[in-house]
Amino acid sequence: MRIFLLHSLLILFPLKQAFAQNTKTDSLLNVISKSKSDTSKVINLLALANLYSTNKKHDLSKPKLYEALRVSKKLNWTKGEALAAVEISNLHYDSHAKDSASIYRQNAILLFEKIKDYKSASYQNLIAGINFYENHNFPESKKHLVRSLELARQIKNKPYEINSLEYLGWLYHYMGNYKLSNQYNQQAIDLAKKEKLNDRAFGINVNIANNHIAQGNYQEAQNIYLAAAEFYKKQNKFSEYANYLATGGNLYRRLNASEKAEKPLLEAYHIQDTINDTWNQLTSSRFLGMLYTEQKRLIPAEKYLKKSLELAKEFKSDSDIIKSYYTLERLYYVKNDFAEGDRYQKLILQMRDSLYTQESNELLAGFDAKYKNAEKEAQLREAKLEIAQKKNWIIGMAMGLIIISVAGTLFWRIRNIKNKAAETERLKNFEIENQKKLISAREIERQRIAKELHDSVGSQLTVVSTSLDNAFYLFENKQLVSAKLENISGEVRLAAQSLRDTIWATYNSEITASDLKSRIQEFIKKFEVGNSFKTEIHFKGDDLVLNPIEGLNLFRIVQEAFNNVQKYAKATLVIISGNFQKENLTLEIIDNGIGFSSAESNSQNSFGLNNMKSRALEIGGVLEINSSPEGTSIKFTKSLYSIHFKL
């Protein structure tokens with residue numbers, strides 16, 4: 001009977017809670033519908049919006065917030081306007097519309113300072129500073145955190161002052177300035193102790209421990225973490241105790257005392273499991289998995305690492321998901337399960353590429369916004385010109401009516417007005433057309449540069465990043481060899497060269513045939529070092545002028561062709577020839593290697609071949625590829641009607 005009653009209560013409790021929330025929602029809707037446009041309506045709208053947001057009903061919350069903002073403006077109620085702006089900012093930030101969130105929060109800050117509500121202004125500056133440093137905009141972050149500190153000191157609000165000092169310490173930690181970070185954190189600790197806020201003092205002291213970790217001072221960091229864990233254990237604050245115990249235990253691995261790490265890590269994990277602290281359990285399980293991987297205890301390692309990945313996906317934390325991928329990749333390589341190891345490596349590359357694309361898209365979205373603003377300005381100028389034209393017409397008609405008796409003068413004035421209107425119309429159309437062309441040209445150039453950086457430099461830096469992570473793992477396990485570092489160094493040089501090639505093409509408004517030939521010859525000279533084949537170069541003509549897109553794409557085709565020769569051809573001779581003076585532009589690369597069949601072209605080197613064809617097509621050319629057991633020929637041709645010559 002007791003068990004039945006317990007189950008009944010467990011079922012009825014959430015239903016009762018949901019019923020109470022629905023009742024509160026209905027009550028607020030009823031009050032709002034009956035209330036006049038006054039401050040109480042704004043307060044109720046904000047309360048209702050907050051209730052919707054709590055229940056993840058953001059589509060219902062948003063219109064209520066904007067209505068609260070509109071009513072506040074109509075009433076000239078500055079505080080209501082500021083409160084609505086804060087909630088709209090929070091909503092936009094949760095929806096990842098960070099630019100809009102920033103605009104509304106900064107507007108709220110100005111409104112709070114206008115009515116001298118410095119406490120709210122200090123707090124919103126703090127939130128703005130945190131948001132900016134999360135998005136790696138450190139200058140804006142510093143500006144808001146410093147302002148938050150100034151206001152907190154002005155109103156003598158010690159908790160706010162402590163918060164501002166602590167987050168300034170965090171900011172300088174992220175910027176790599178550990179000395180300043182420690183100074184701000186120490187000021188916060190001293191103030192917290194003075195105010196007898198021992199909990200805050202221990203929590204902030206952990207920030208100094210993180211600076212020690214970043215500088216490799218693992219023993220100092222561990223002492224702080226374990227002291228903090230012991231303090232919170234005495235306070236019966238088990239979430240904080242387990243969290244700090246896990247990090248302190250994990251530092252045994254860095255101190256080459258892995259045998260001591262298991263006990264504190266397991267204790268932390270089980271406490272977090274008991275109190276359902278899944279967010280911190282995510283990290284503890286990853287620490288345990290890494291420890292067991294190092295100890296070659298692969299069954300428990302797999303269990304804890306998969307648990308960490310499961311929780312990371314549950315929280316949708318990209319940084320923790322990719323950390324889990326790395327640890328699982330290492331685990332399966334240790335197990336000699338190379339198929340699974342390679343699968344996780346591919347997931348890492350895909351995720352890194354996805355995050356890179358996301359950052360690029362955010363950057364490009366900023367450019368788009370600027371261009372849209374330019375278009376709006378053009379439309380505004382058009383509207384002003386139309387108004388000016390109408391005014392001229394009205395003035396002309398009025399003057400004509402006044403001096404109707406003077407026919408000659410009237411005729412002259414009307415003709416003059418018409419001429420001015422026509423000239424105004426012509427200038428208006430000319431300016432608008434130029435603005436559209438400018439926007440279009442910028443858009444094309446923006447897309448081209450973004451694509452080139454993503455395809456070349458972006459992919460190479462992804463490889464470098466993955467190689468460095470792998471090298472770090474090898475270093476920790478004392479398996480790092482100089483050959484691995486040399487490979488990474490080579491990848492870095494390739495990325496740097498790709499960036500220099502892109503800058504070379506985009507910096508110049510035009511590229512002459514001699515410029516392109518010099519660039520190709522320089523590349524071939526470097527490429528021949530360490531390769532088994534010789535190269536012959538035969539170029540004709542120096543008068544051809546190419547645009548940057550044509551020059552860069554031709555250069556990339558040559559690079560891709562030589563890379564394919566190096567990887568697959570087993571050639572002893574490569575001949576590159578180009579004709580830059582006749583009716584057609586031609587560029588041909590021939591090798592005496594083993595060639596490839598059509599089936600092979602669809603497999604191992606198909607990406608490189610398709611990339612060359614795509615580049616040729618982009619600049620209006622044709623790429624012919626012929627291959628046999630005697631060798632391979634890659635020939636680019638293009639009509640010169642669209643290409644200019646120097647006079």
Stepwise side chain to side chain contact (heavy atoms under 4.5 Å, CB included) test for Q350 and L347 | CA-CA 5 Å; Q350 288 172 4; L347 288 171; 3.9 Å; yes
Could you tell me if the side chain of [Y] sits less than 4.5 Å from the side chain of [X], heavy atoms only?
{"X": "S258", "Y": "N256", "answer": "no"}
{"X": "S239", "Y": "N280", "answer": "yes"}
{"X": "L265", "Y": "Y252", "answer": "no"}
{"X": "V86", "Y": "R105", "answer": "yes"}
{"X": "I189", "Y": "I162", "answer": "no"}
{"X": "L331", "Y": "Y344", "answer": "no"}

For the ring pair Y133 and W170, is the centre-to-centre distance below 6.0 Å?
->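 Distance test on ring centres: not under 6.0 Å, no.
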Within the 6.0 Å centroid threshold, strictly below: H212 and Y218 |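 Distance test on ring centres: not under 6.0 Å, no.
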For [Y], is there any backbone N or O sitting under 3.5 Å from a side-chain donor or acceptor partner on [X]?
{"X": "S181", "Y": "Y172", "answer": "no"}
{"X": "S317", "Y": "K313", "answer": "no"}
{"X": "E81", "Y": "K73", "answer": "no"}
{"X": "S284", "Y": "Y269", "answer": "no"}
{"X": "S308", "Y": "Y304", "answer": "no"}
{"X": "S285", "Y": "L282", "answer": "yes"}
{"X": "S148", "Y": "S122", "answer": "yes"}
{"X": "N217", "Y": "E220", "answer": "no"}
{"X": "N44", "Y": "S40", "answer": "yes"}

Step-by-step side chain to side chain contact (heavy atoms under 4.5 Å, CB included) determination, L46 to N50 = CA-CA 6 Å; L46 291 174; N50 186 263; over 6 Å; no
Less than 3.5 Å apart, any donor N or O on the side chain of [X] or [Y] sitting next to an acceptor on the other?
{"X": "Y292", "Y": "E262", "result": "yes"}
{"X": "Q106", "Y": "S102", "result": "yes"}
{"X": "Q183", "Y": "Y178", "result": "no"}
{"X": "Q219", "Y": "N223", "result": "yes"}
{"X": "E267", "Y": "Y241", "result": "yes"}
{"X": "N182", "Y": "N185", "result": "no"}

Are any of the side-chain nitrogens in [X] or [Y] under 4.0 Å away from the carboxylate oxygens of its partner?
{"X": "K158", "Y": "E195", "result": "no"}
{"X": "D320", "Y": "R286", "result": "yes"}
{"X": "E113", "Y": "R147", "result": "yes"}

Shortest non-hydrogen contact from [X] toward [Y]:
{"X": "Y184", "Y": "L165", "result": "CB-O, 3.5 Å"}
{"X": "S141", "Y": "L171", "result": "OG-CD1, 3.6 Å"}
{"X": "A228", "Y": "V206", "result": "CB-CG2, 4.0 Å"}
{"X": "N163", "Y": "R200", "result": "OD1-NH2, 2.9 Å"}
{"X": "L245", "Y": "P264", "result": "CD2-O, 3.6 Å"}
{"X": "N125", "Y": "L151", "result": "ND2-CD1, 3.8 Å"}

Among Q187, K193, Q186, find the one that has a side-chain hydrogen bond (donor to acceptor under 3.5 Å, both in side chains) with D190.
->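 Going through Q187, K193, Q186 one by one, the side-chain hydrogen bond (donor to acceptor under 3.5 Å, both in side chains) with D190 is satisfied by Q186 alone.
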Which class fits the ring pair [X] and [Y]: parallel under 30°, tilted 30 to 60°, perpendicular over 60°?
{"X": "H144", "Y": "F132", "result": "parallel"}
{"X": "Y66", "Y": "H92", "result": "perpendicular"}
{"X": "Y244", "Y": "Y225", "result": "tilted"}

Reported [atom1]-to-[atom2] distance for the pair [X] and [Y], which is rounded to 0.5 angstrom:
{"X": "Y160", "Y": "L149", "atom1": "OH", "atom2": "CG", "result": "14.0 Å"}
{"X": "T278", "Y": "Q272", "atom1": "OG1", "atom2": "CD", "result": "9.5 Å"}
{"X": "L145", "Y": "K143", "atom1": "CG", "atom2": "NZ", "result": "11.5 Å"}
{"X": "F315", "Y": "I321", "atom1": "CZ", "atom2": "CD1", "result": "11.5 Å"}
{"X": "Q154", "Y": "K116", "atom1": "CD", "atom2": "NZ", "result": "10.0 Å"}
{"X": "I88", "Y": "I103", "atom1": "CD1", "atom2": "CD1", "result": "12.0 Å"}

Taking atom CZ of F231 as the centre, does the number of heavy atoms from other residues, nucleotides or ligands within less than 6.0 Å exceed 12?
->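 Enclosed.
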Take I213 and L251 through the side chain to side chain contact (heavy atoms under 4.5 Å, CB included) test and state the conclusion after the steps.
-> CA-CA 9 Å; I213 292 173; L251 283 168; 4.1 Å; yes
After noting the C-alpha distance and the side-chain angles of Q295 and L291, does the key distance pass the side chain to side chain contact (heavy atoms under 4.5 Å, CB included) rule?
-> CA-CA 6 Å; Q295 296 176 343; L291 173 67; 3.5 Å; yes
